[in-house]
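Contents: one structure, followed by commentary.
In what follows, chains are A, B, ... by sequence order, proteins preceding strands, each numbered from 1.
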Amino acid sequence: MSQKSITSFFKITPKKESDGIVNHQKEDKSSEDKSLTEETSPPATATKRSSKRLRSDSVEKELPSASRSPSPVTSAKKKTVKRQRIESSGSEADLPKGSDEATIPVKLERNDSPKTYSSPKTKRNKSKLTKTNQESVKNIEKNESFNGYESSNESNSPKENKSPKQSKSPKSVKTPKKQKSPKEQSVSPNEIPKIKTEKKSPSPVKSVTKTKGPMEKFMESNNMMRSFVKSEKIVSTQDDEKDVKHTNEANDTIQHTLVPEAEYNPGKTKYHPIKDACWTSGQPVPYLALARTLEAVEATSARHKMVDLLSNYFRSVIALTPQDLLPSIYLCLNQLGPAYLGLELGIAETYLMKAVGGCTGRSLAQVRAAAQRLGELGAAAQQARAAQRMLCAPAPLQVRKLHAALKDLAAITGQASVNKKISKIQALFVACRHSEAKYLIRSLEGKLRVGLAEQSLLQALALATARTPPAGPHAGCLDVAEGMSSDDFKAVVDEHALVIKTTYCECPNYELVVPALLQHGARELPRHCRLTPGIPLKPMLAHPARGVHEIFSRFENEKFTCEWKYDGERAQIHVPGEEAPRLAHARIFSRNQEDNTTKYPDVLARLPALLKSTVTSCVLDCEAVAYDTVNKQILPFQVLSTRKRKDASAAEVRVQVCVFVFDLLLLNGRSLCREPLAERRRLLHDHFAESAGEWEFARAQDCSGAEEVQQFLEQSVRGSCEGLMVKALHGERAHYDIARRSRNWLKLKKDYLEGGGDSIDAVVIGAYRGRGRRAGRFGGFLLACYDPAGEQYQSLCKIGTGFSDQDLDTFTEQLQQHVIDAPRNYYSYEASQAPDVWLAAACVWEVRCADLSLSPAHRAALGLIDRDKGVSLRFPRFVRVREDKRAEEATSGEQIARMYLAQDSVRNQHTAHKMDDDDFY
DNA sequence: CGTGCCTGCCC
DNA sequence: ATTCTGC
DNA sequence: GCAGAATGGGCAGGCACG
């Protein structure tokens with residue numbers, strides 16, 4: 001059945017009309033009627049299929065958002081248009097409004113119209129589908145004994161019962177932390193009764209010598225096993241290295257009362273990696289253990305605490321099921337595998353919502369609305385899942401199987417692949433218990449959002465391996481920390497952390513690092529994983545510098561160099577080789593370790609010109625920039641981005657590229673990461689050759705005075721660059737040591753400077769509901785410029801950064817007074833940009849940007865530069881409110897056009913040949 | 001087979 | 001990309 | 001100052017759908 005529903009969803013999605021310009025004349029709501037039907041009735045939904053009804057009305061649809069019209073006309077909006085934003089409004093209408101977050105003080109939703117459904121209904125629906133009886137369900141789950149989980153999780157859902165607002169309102173009000181609160185609640189309770197029948201304390205001191213420590217302890221600690229454990233038991237066979245440790249099996253006899261999975265608590269004081277785990281040695285790690293860990297992490301704000309929590313989970317994995325460490329890490333980071341393998345899920349928000357809706361009996365609009373209310377799809381999915389009962393409980397998820405399933409998802413391609421993926425996701429989703437649903441969905445969305453990411457994970461890995469070493473002299477010891485002072489132990493952790501982070505930065509591949517870590521221990525890592533041509537390393541990044549003065553305060557008395565900051569794409573070029581460079585095996589990686597080799601066949605073809613005869617292997621750090629070979633001119637980033645991305649053929653390349661080389665990270669097999677920049681650069685110049693328009697060294701100048709820097713900055717801008725990169729030349733700060741400091745360079749751009757860059761006064765004409773951290777208030781806005789000629793407000797860009805939390809709270813509240821039901825007919829925008837809430841043009845905000853670009857999605861200055869393209873902003877950010885300006889006094893379309901044309905890159909384009917003032921080429 | 005949506009990845 | 005925030 | 005999480009424009013690629 002799930003399948004069916006899915007299909008139906010597809011149909012539902014209407015198409016959006018491609019309106020050219022949507023200036024609306026809305027007024028006609030007629031179309032709405034139709035639309036109504038769709039969304040509103042959940043059941044009906046399936047039938048829906050509206051064909052494209054709305055062509056014109058798309059615009060209208062939005063309106064409803066404000067929505068009062070009870071019926072969700074709005075949602076009808078066709079397509080899901082990008083992100084939920086569009087539908088949101090409408091959809092909400094559908095939903096049980098009460099529930100909503102009432103939270104928001106402001107009540108974004110302002111649609112108090114009689115919602116079609118009352119919250120309770122929602123649930124009802126679900127249950128229907130599932131068909132069933134909750135009772136029957138009663139879970140057959142293994143753990144049922146303990147769980148009352150259903151109820152517990154759902155704590156949220158209760159909202160429905162309560163009067164709409166009250167229950168939560170108090171909390172919701174608090175924006176920032178509120179998110180956590182729910183979790184915390186759930187978590188804390190857990191402190192739970194673990195039954196640890198303890199007995200022996202782990203040997204006070206590490207049982208150092210004995211390799212078998214863990215096992216022994218494990219045995220000792222066992223009491224009775226839970227029934228379910230038995231069932232799963234089988235698997236334990238494999239395991240390579242770990243045999244040593246757990247040979248268990250014997251266990252059967254031994255009894256051990258396991259912690260119920262639903263009560264797994266990595267935050268338990270004096271956490272014992274075996275006794276406090278919820279699975280036994282050799283068993284596959286239940287996904288619930290990881291989900292519980294993530295819950296605990298999410299409920300925590302102190303990073304060191306998060307690291308503690310995760311490390312405890314890791315300790316158990318290391319002690320019990322080390323083979324699951326790798327999949328655990330991947331699930332924590334939302335990675336399928338090393339980036340350079342190019343694995344992609346191909347599923348994101350929209351399709352996920354279809355999947356969730358399809359198996360919980362909800363319409364796409366309902367799911368979307370629920371996600372908006374909660375500010376996040378994961379939570380909505382968990383609620384939906386909890387309301388559902390299964391006749392026959394699927395096998396519980398295991399960490400390893402889940403990770404494998406995600407990789408399988410990525411492998412599905414071709415026709416009907418989306419439906420296949422959705423089905424597969426539904427199968428996983430249905431097997432979720434408790435918070436598993438939330439984290440499964442978030443994983444699929446690609447963001448866990450628990451406040452812990454790669455750096456903290458590496459720290460946790462260091463802590464875990466320091467405390468419960470998988471290898472080395474203390475292998476088998478469950479808690480090394482017990483035998484030493486906290487200072488001493490901390491030193492050990494720091495040492496592990498540095499080694500692990502360094503290794504990972506130079507060899508960012510958990511497939512290689514994790515097995516080596518388990519087998520040889522942290523200290524031995526560098527001997528097994530090192531910088532290797534063919535494996536991309538983490539690139540050095542830069543911090544923005546707000547002014548020339550900041551450069552001098554940062555580098556104090558150190559010597560530094562300034563290089564032009566080219567506006568292209570980072571390219572890390574690897575050429576392997578022993579006796580001689582193996583050019584056929586050269587690869588080019590992106591800043592995020594993606595493999596871009598097939599994107600640059602032209603660049604690879606001319607490698608021979610770059611490498612002097614002294615080079616046998618190398619890793620170069622460069623920027624690939626679009627280049628006009630005829631006029632010898634650097635072209636804008638936007639031009640570069642039109643290049644084919646996959647399997648390009650050198651002959652077909654239309655956009656030529658000049659590669660600007662600025663660093664050398666490995667030469668002839670030797671890593672230069674611990675060499676200062678001055679030395680790396682010297683080697684670069686000695687062993688590589690420039691070739692005009694193809695290979696050039698980044699323009700550099702070792703500046704010593706502020707004026708010199710300022711001049712060089714201006715020169716770089718005239719040379720079509722974004723500004724400068726500033727780097728230490730000597731000493732440790734000049735090393736390419738990402739593990740110690742990933743943003744060791746400074747970047748100085750004109751638009752960072754006061755008075756530099758473009759500043760625009762734009763009108764706020766719409767707002768989008770925030771998600772995640774910004775749930776419950778506006779998280780972004782739609783801005784427009786004013787076009788006096790057409791008496792229109794033309795969309796210029798969306799904006800979502802530059803606001804303090806306070807700003808967002810304030811705007812969320814203050815803008816309520818400008819909320820309107822529908823966009824004015826003098827608003828010009830693209831349907832896909834429609835905000836959740838439309839606003840009357842009243843507020844003017846100053847925004848800053850790096851550039852202006854010709855836009856397919858915005859309408860500012862439409863027709864002035866290009867017949868059907870408007871102008872938008874690159875890297876827009878909020879600066880301040882212009883209370884002194886009225887909407888009509890905002891920057892005009894004509895001014896925007898002038899600003900666009902005034903850009904060096906544009907002028908150069910039009911006057912390419914005459915360009916020489918700058919000298920440059 | 002063309003169009004448009006969705007996703008992922010550049011910045 | 002830019003920006004803000006808790007630690 | 002770090003690490004993380006909010007958010008931006010815009011493009012190619014891949015698939016769905018008519």
What integer number of Å spans the C1' atoms of C/dT3 and B/dC6? 27 Å
[X] side chain near [N] phosphate (N/O to OP1/OP2, under 4.0 Å):
X	N	value
A/Lys421	D/dC15	no
A/Ser456	D/dG4	yes
A/Ser590	B/dC9	no
A/Ser832	B/dC5	no
A/His858	D/dG9	yes

Quickly work out the [X] [atom1] to [N] [atom2] distance and round it to whole Å.
X	N	atom1	atom2	value
A/Arg848	C/dA1	CZ	C1'	16 Å
A/Arg769	D/dT7	CZ	C1'	17 Å
A/Leu808	C/dT3	CG	P	15 Å
A/Asp595	B/dC9	CG	P	12 Å
A/Asn596	D/dA12	CG	P	14 Å
A/Arg546	C/dT2	CZ	C1'	8 Å
A/Arg774	D/dA6	CZ	P	9 Å
A/Asp567	D/dG10	CG	P	14 Å

Whichever of A/Arg591 and A/Asp807 has its nearest DNA chain C nucleotide further upstream toward 5': A/Arg591
Hey, which of these two, A/Glu454 or A/Arg874, hits DNA chain D nearer its 5' end, going by closest nucleotide? A/Glu454
Between A/Leu873 and A/Arg743, whichever has its closest DNA chain D nucleotide further toward 5' is A/Arg743
For the base of D/dT7, is there a side-chain donor-acceptor partner from A/Thr801 under 3.5 Å away? no
In plain terms, say whether A/Asp904 and A/Lys750 are close enough for a salt bridge, that is, a side-chain N and a carboxylate O under 4.0 Å apart. no
Without swapping roles, check the side chain of A/Gln593 against the backbone of A/Pro536 for a donor-acceptor pair under 3.5 Å. no
Indicate, with a heavy-atom threshold strictly under 4.0 Å, whether A/Arg877 touches base, sugar-phosphate, or nothing. sugar-phosphate
Using a cut-off of 4.0 Å on non-hydrogen atoms, how would the nucleic acid contact of A/Asp647 be classed: base, sugar-phosphate, or nothing? nothing
Is the NZ or CZ atom of A/Lys421 positioned over A/Tyr351's six-membered ring, under 6.0 angstrom from the centre and within 45° of the axis? no
